[in-house]
Novice: 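Once you've had a glance at the structure underneath, I'll fire off some questions.
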There are 2 protein chains.
Amino acid sequence: MSTLGSAQRAQVVVDTSESRHARLRALPPGHVRLADGFWEPRRRINREETLPSQYEHIEATGRLDNFRRASGKVDVPFRGLYFNDSDVYKWLEAASWSLATDPDPGLERMVESAITEIADAQRPDGYLNTYFTFERAHERWTDFDLHEMYCAGHLIQAAVAHFRATGTRRLLDVAVRFANHICDRFGPEEQGKQPAIDGHEEIEMALVELFRATGERRYLEQAEFFVDARGHGLLGEPYGRFDPSYSQDHKPFREQDEVVGHAVRALYLYSGAADLHAETGEPDLLEALERLWRNMTTKRMYVSGGLGSRHEGEAFGEDYELPSGRAYAETCAAIASVMWNWRMLMISGDARYADLMEHTLYNAVLPGVSLDGRHYFYQNPLADDGTHRRRSWFGCACCPPNVARLLASLPGYFYGVSDDTMWVHLYAEGSATGNLGDRAVRLAQHTDYPRDGNVEIEVEGGGDFGLMLRVPSWCERGYTVEVNGEAVDSPLSSGSYAEIRRTWRTGDTVRLKLPTPVRFVECHPYVAENAGRVALMRGPLLYCVEQTDQPGLDPRDLVVPVGPEPSVRFEPGLLGGVTALTVRAEVVTPQPAWENRLYRTANAHPDDRRAETVELKAVPYYAWANREPGAMWVWLQSR
Amino acid sequence: MSTLGSAQRAQVVVDTSESRHARLRALPPGHVRLADGFWEPRRRINREETLPSQYEHIEATGRLDNFRRASGKVDVPFRGLYFNDSDVYKWLEAASWSLATDPDPGLERMVESAITEIADAQRPDGYLNTYFTFERAHERWTDFDLHEMYCAGHLIQAAVAHFRATGTRRLLDVAVRFANHICDRFGPEEQGKQPAIDGHEEIEMALVELFRATGERRYLEQAEFFVDARGHGLLGEPYGRFDPSYSQDHKPFREQDEVVGHAVRALYLYSGAADLHAETGEPDLLEALERLWRNMTTKRMYVSGGLGSRHEGEAFGEDYELPSGRAYAETCAAIASVMWNWRMLMISGDARYADLMEHTLYNAVLPGVSLDGRHYFYQNPLADDGTHRRRSWFGCACCPPNVARLLASLPGYFYGVSDDTMWVHLYAEGSATGNLGDRAVRLAQHTDYPRDGNVEIEVEGGGDFGLMLRVPSWCERGYTVEVNGEAVDSPLSSGSYAEIRRTWRTGDTVRLKLPTPVRFVECHPYVAENAGRVALMRGPLLYCVEQTDQPGLDPRDLVVPVGPEPSVRFEPGLLGGVTALTVRAEVVTPQPAWENRLYRTANAHPDDRRAETVELKAVPYYAWANREPGAMWVWLQSR
């Protein structure tokens, strides 16, 4: 247990408190209280519905029995996919973070019971994977596309979360033993080790966090080895039909400049590399990350923030390849994007990462789970004919517990701290306490965000310090910041932090006003299928049109003129309470000449499309597919 | 050998000479001579380059060794995919048809040698599949997604072709033994047999042809059993991630109304069902086929005639799901479409099937093979950035020998015969001899088609009979037909056959004039990414724009106004001789404001796109990617 001698217990999701090259530190979820009408109800459902029902699925689908089988407690066949262990670990991570903010003896019993099954299944040498047991034990570490390190990474993340949230080391001990097994075995040839990397990245960021939790430098070095070893052909081509870019193994990480391959793998790698940079400060790493971020956000990202254009390989597409109906946009990829942007934000304090994190949370992560907290999307298309519906579970169930762990830890993403400065990244009614040196500062936030953009922040605890308030990039004009009713004279700009540095007194109040007009958003003309179309946004929220709100209309026939301001109305009874938009549109149906034909000579037919004007109702995209099945459309024809 | 007692030897690709419910019969490839400047040079390359080089690939990749291994001649491991036998069979079918029109002792030796290897590998019980030998022999017929019947079907097709082309029964005997093995084993439970179907359709049409070649009714009944047995869950769900629609097993064939799943599987099934209808005349079968054809051609077909919108599952997409850059449009699917349309044409004599057959041959099959006859496309996108290039072979090498067998048998698709009528389906310089009853009629066709649309047909052999000349649907106006210089008074319409019925004398000459203006083709507005775009066509040919012809221009920036007639010039030295188009276009580049961004609020930026006028060169799509790599675009922005 000597490796735990210097174990830390910063109760945060990504602990940069000792990271020399990170500008910001996170606040523990337990030091942040969300009391808002948007996120907190979703978090309550996460605790009351999602976590218990997921535990039932995990039990019912044999995922826990796989551990019991490995420890000899039951004599049943292995069930499910070779990486099913990871779902248990992600659920444990989710439950741990939930316990950090909302103690729950029932949930705690489930957690402890799952940990017991896991601990009992560990081999004496530290190895732990229930698929590679008994008849498959001889196949351990023979095929690095079978997710052994990926599962190990999720075990480590769960263990770190459990340790940070509860202060107990039971699961951490298990993770440390497995991590040691991996560190002993894999590494540079010159150290007498086996050079290897995992097909599915994940362990890289887990090892950096294990280093942060335990103080053991070997885990950081191991993470660095795994990042550095990519792109040197170690994986060979074990992926069946996929080429090395599928696993970002096509070139060394520091040379990569386009986001390619399996989106979740890619984004987990980038998260791990960002963690590594926070510790080492190596400029090449950061430059590669910035290049990749630029390529992703300017060429390969859906308007929702969703990532991954292809079903084939669950992969990023080429530049500007962003089909709406066939968008893959896996929920896990959106979560991974939040993870990566969070790390980039901590490193840099650059508001563009917070912007994208917010945008992704509202519009790409949240659609992944139903309002009842018991149904999930794996893919998140931006147009649908009504057949794509959330399901209660999946054979490959990576997304459900991934959503759960993000919602459970969500308060930790709202605020940040640097030397003598409190940062407000996200807005929601509630409060937060941060430590600036040895002084605690409490901020009380009053707002209806995202229903409107007025935010009031009340300071408790005086003294000289800075306050950084994000002016979101979605708010393009008309924003103001006042302190105690007086305009702040520091320059403000959209997509940056407004810095207010002064001697504060308890009761000082900052008012941020962010106008929230409806925005007609257009897409780069190289995205062929979005040409001549608009998407609707208001505040941080992307909107969509659902068939159920406009019976008898085909969304494909709607043409929305840019200009007339849609009317805006909060409907408390609709979809858990949403601000709905009413948009004027024309209904333009294809000419009768198009009936039963797909192609024709242009201009050979008179243009007799008829147009009538209707009022369309648009609802937030995150809430789609929570009513009766029907078509959904984000990009509307425009003129 | 009693099953061969009544063996027929009509030298045609699909023999409907005795089919009671087919209106037309084919002419043997050997009775048709192509002497044109378009197809015959391709067929010569097929004989001189494609067939010999494919034999080398088949040998070099162990496909023949797999047979030698199965017969105990060599002691090597099985190589390649579990359905590699089928490539040998398809090559044999191609070579057989080539021998029917162009005897070649060298090719004949290769054929005989391959047949020896195949015959020697057959098991005593008739079973023949080199993958399921030795260590895998016990897995025979355990997983119907492993293409055992698919391979059997290709063996049968090759054997029928070889028998028809050469008159020898060596390969036919092998196929009959395997077919008997299958008929003995699989069928209705009430006959004490195992109800089963293959995951990959193919054997259905093969068995109907085997019935036609041998007169043995059991093969027809077996084909009917396989068609009828689909959609009753016999396959279970052995497809990993795919659902039953992947193999058209989602509902009984007669209830199907949308083309779904793996496109080649689907189209082979439809071909088999059409063959079945030609024999049985069952109306329900034909109605299902017509429904499927309508759905395919009006909702799910590329402007090239290519089929299959999804890489995932090599599958048809939803209605109007037709991405250009990510088109799958497998070469095999286009070939299968020709096969299906050919059968529908034989059943009905309806010109729309001949129209689509012609369109698909020029624009979807032909792009699948390079001008040098040694490189192949598997996927045929309609837009590309220059990275998609033909390859000399594939691990899954279904497409190359499929192209070869179609080109080898191509003359057989040009003409047809019904009771007292000769039909001209396709146009090319050459001649054909058909038997009307006991009278031979010879037609000499003089034309530069598709370079222009003037066709002269000279009749040899007098008497009363009809002549049906197709007026292609691509020719929308201005077409005329004259006999001996006098206008024909029968009503003419585009997309139908002009019927000329008279007492002919040798030397009578029919002149068909088909104007070939350049057509700007637009797409149904529900295909989102083609909205506001046009494709260029002239005569039967689809055009594209290649980067190499317009250095320095980005095809994505081109806007082609509909209206000004492009200039047309035949360039003998370009791409084997093509008619190139010169099209006026505007270059409209994205506003500078789009740099480094993917989305923005509409109308917030001034519209400062600059436009200059250029001349674009367009070349036939079938010839793309035969020069230096560069972007290619079919659908151009328009206004």
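Below, read A as the first sequence line, B as the second, and so on, with proteins coming before strands; counting in each chain starts at 1. Values below: all heavy atoms of this structure, side chains included; hydrogens, waters and symmetry mates excluded.
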Novice: For Arg352(B), does the CZ atom have more than 12 heavy-atom neighbours from other residues, nucleotides or ligands under 6.0 Å away?
Specialist: yes
Novice: Where does Ser309(A) contact chain B at under 4.5 Å (heavy atoms): side chain, backbone, both or neither?
Specialist: neither
Novice: Residues of residues 535-543 of chain A under 4.5 Å from chain B (heavy atom pairs)?
Specialist: none
Novice: So, for Pro517(B) and Glu565(B), which heavy atoms are closest and what is the spacing to 0.1 Å?
Specialist: CA-OE2, 3.9 Å
Novice: How many angstroms lie between atom CD of Glu258(B) and atom CD of Glu318(B), to the nearest 0.5 angstrom?
Specialist: 7.0 Å
Novice: Quick check on Arg300(A) against chain B: is it the side chain, the backbone, both or neither that has a heavy atom closer than 4.5 Å?
Specialist: backbone
Novice: What distance separates Asp319(B) CG from Leu598(A) CG, expressed to the nearest 0.5 Å?
Specialist: 9.5 Å
Novice: Does any heavy atom of chain B fall under 4.5 Å from the side chain of Glu595(A), the backbone, both, or neither of them?
Specialist: neither
Novice: Do the ring centers of Tyr599(B) and His524(A) come within less than 6.0 Å of each other?
Specialist: no
Novice: Given that the side chain runs from C-beta out, which part of Trp474(B) has a heavy atom under 4.5 Å from chain A: side chain, backbone, both or neither?
Specialist: neither
Novice: Need one label for Asp385(B): side chain, backbone, both or neither, based on atoms under 4.5 Å from any heavy atom in chain A.
Specialist: side chain
Novice: On the 0 to 90° scale, with breaks at 30° and 60°, tag the Tyr353(A)-Trp293(A) ring pair as parallel, tilted or perpendicular.
Specialist: perpendicular
